[in-house]
Amino acid sequence: MTIRVIIVDDQSMVRAGFAALLSAQSDIDVVGEAPDGRQGVATSRSTHPDVVLMDVRMPEMDGLEAARELLDPPPGVVHRPKVIMLTTFDVDDYVYTALRAGASGFLLKDAPPADLIAAVRIVAAGEALLAPTVTRRLIEDFARTRPARRDRSPRLNSLTPRELEVLELIARGLSNQEIAQKLVLAEQTVKTHIGRVLAKLGLRDRAQAVIFAYETGLVTPGDQ
């Protein structure tokens with residue numbers, strides 16, 4: 001199945017370079033481009049891509065607002081693509097807010113070409129583009145800018161003790177393989193637990209699970 005992609009970035013060279021790279025892949029089809037967020041939303045609504053590569057900082061409408069428009073569409077709009085935020089920064093508050101709004105992850109613009117191709121495939125498959133090292137930086141950002149919550153959310157009561165363990169380890173930045181080793185489980189079993197956690201809590205992906213764990217008090221910044 002071919003993955004349909006649009007590229008939203010105010011730099012024409014970036015759009016052209018990404019389009020050339022992705023179009024060369026047999027399983028990826030670049031179906032549109034846009035120079036700002038407003039046109040990006042319109043292009044997405046008309047082409048129905050699977051994945052949108054969205055620059056964070058753009059004129060007219062920035063990537064954050066455009067991502068919100070796509071991920072929380074008005075009544076009557078049923079198409080919701082996956083969104084990958086493109087940034088020249090590491091982890092900043094724009095990206096954090098985008099992840100919280102439902103973006104599937106972010107990618108640095110200077111990442112190797114293979115990472116861009118892999119990112120599109122990962123997100124199209126329904127996974128979050130949030131590597132363990134990125135998770136840890138996201139946690140550090142959270143710790144710097146947001147006060148720790150000490151009262152645990154009642155929503156956590158829907159999880160089994162094992163699911164709580166898995167969610168906590170996700171929030172600490174462990175990969176599926178590391179979680180499996182720590183809990184002495186098969187990696188597929190860990191994936192099953194993660195799927196149940198997301199379903200029970202109504203979360204889209206791993207990125208939102210990390211944020212949920214901190215905002216509900218399951219994990220607090222600075223805990224070991």
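With sequence neighbours left out, R155 forms a side-chain hydrogen bond (donor to acceptor under 3.5 Å, both in side chains) with no residue at all. With sequence neighbours left out, the side-chain contact (heavy atoms from CB on, under 4.5 Å) criterion links Q177 to S175, Q181, E187.
Using a 4.5 Å cut-off on side-chain heavy atoms (C-beta onward), L159 and L167 make contact. Side-chain contact between I6 and V30 is absent, with no heavy-atom pair separated by less than 4.5 Å. D55 has its side chain out of reach of V8: every pair of non-hydrogen atoms, C-beta onward, lies at least 4.5 Å apart. Put simply, the side chain of D62 does not reach to within 4.5 Å of the side chain of V56, judged on heavy atoms.
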Let me have the donor-acceptor pairs involving side chains of residues 78-86, under 3.5 Å, with sequence neighbours excluded, atom names and distances please.
from: H79; atom 1: NE2; to: P49; atom 2: O; distance (Å): 2.8
from: R80; atom 1: NH1; to: L71; atom 2: O; distance (Å): 2.8

Sequence neighbours left out, cut at 3.5 Å: what donor-acceptor pairs do the side chains of residues 192-201 make with other protein atoms?
from: T192; atom 1: OG1; to: Q188; atom 2: O; distance (Å): 3.1
from: K200; atom 1: NZ; to: S158; atom 2: O; distance (Å): 3.2
from: K200; atom 1: NZ; to: E163; atom 2: OE1; distance (Å): 2.9
from: K200; atom 1: NZ; to: E163; atom 2: OE2; distance (Å): 3.4

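Between I117 atom CD1 and F18 atom CZ the span is 11.0 Å, to the nearest 0.5 Å. L116 contributes atom CG, which lies 7.5 Å from atom CD1 of I7 (distance to the nearest 0.5 angstrom). Atom CG of L218 and atom CG of L164 lie 6.0 Å apart (nearest 0.5 Å).
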Exercise for the section: Could you go through the side chain to side chain contact (heavy atoms under 4.5 Å, CB included) check for I28 and V51 one step at a time? Expected result: CA-CA 10 Å; I28 299 175; V51 177; over 6 Å; no
Exercise for the section: Verify side chain to side chain contact (heavy atoms under 4.5 Å, CB included) between T216 and L156, making sure each step is shown before the conclusion. Expected result: CA-CA 8 Å; T216 56; L156 293 168; 4.0 Å; yes
Practice task
Report the C-alpha distance between V210 and I170 in whole Å, list the side-chain angles of each, state the deciding distance to 0.1 Å, and finish with yes or no for side chain to side chain contact (heavy atoms under 4.5 Å, CB included).
Solution key: CA-CA 6 Å; V210 171; I170 290 173; 3.8 Å; yes
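Between E178 and K182 there is no salt bridge, since no side-chain nitrogen of the basic residue lies less than 4.0 Å from a carboxylate oxygen of the acidic one. A salt bridge links E165 with R162: at least one charged nitrogen is closer than 4.0 Å to a carboxylate oxygen.
Side-chain atoms of Q25 come within 3.5 Å of backbone N or O of L21 as a donor-acceptor pair. In this structure, T189 contributes its side chain and L185 its backbone to no donor-acceptor pair below 3.5 Å.
Among residue pairs with one or both ends in residues 7-29, those qualifying as salt bridge (Lys or Arg N to Asp or Glu O under 4.0 Å) are D9-K109, R15-E33, D27-R121; sequence neighbours excluded. The stretch residues 34-53 participates, sequence neighbours left out, in these side-chain hydrogen bond (donor to acceptor under 3.5 Å, both in side chains) pairs: D36-Q39.
Between M54 and A66 the shortest heavy-atom distance is CE-CB, 3.6 Å.
The side chain to side chain contact (heavy atoms under 4.5 Å, CB included) test with I3 singles out one residue from V123, L22, V120, and that residue is V120.
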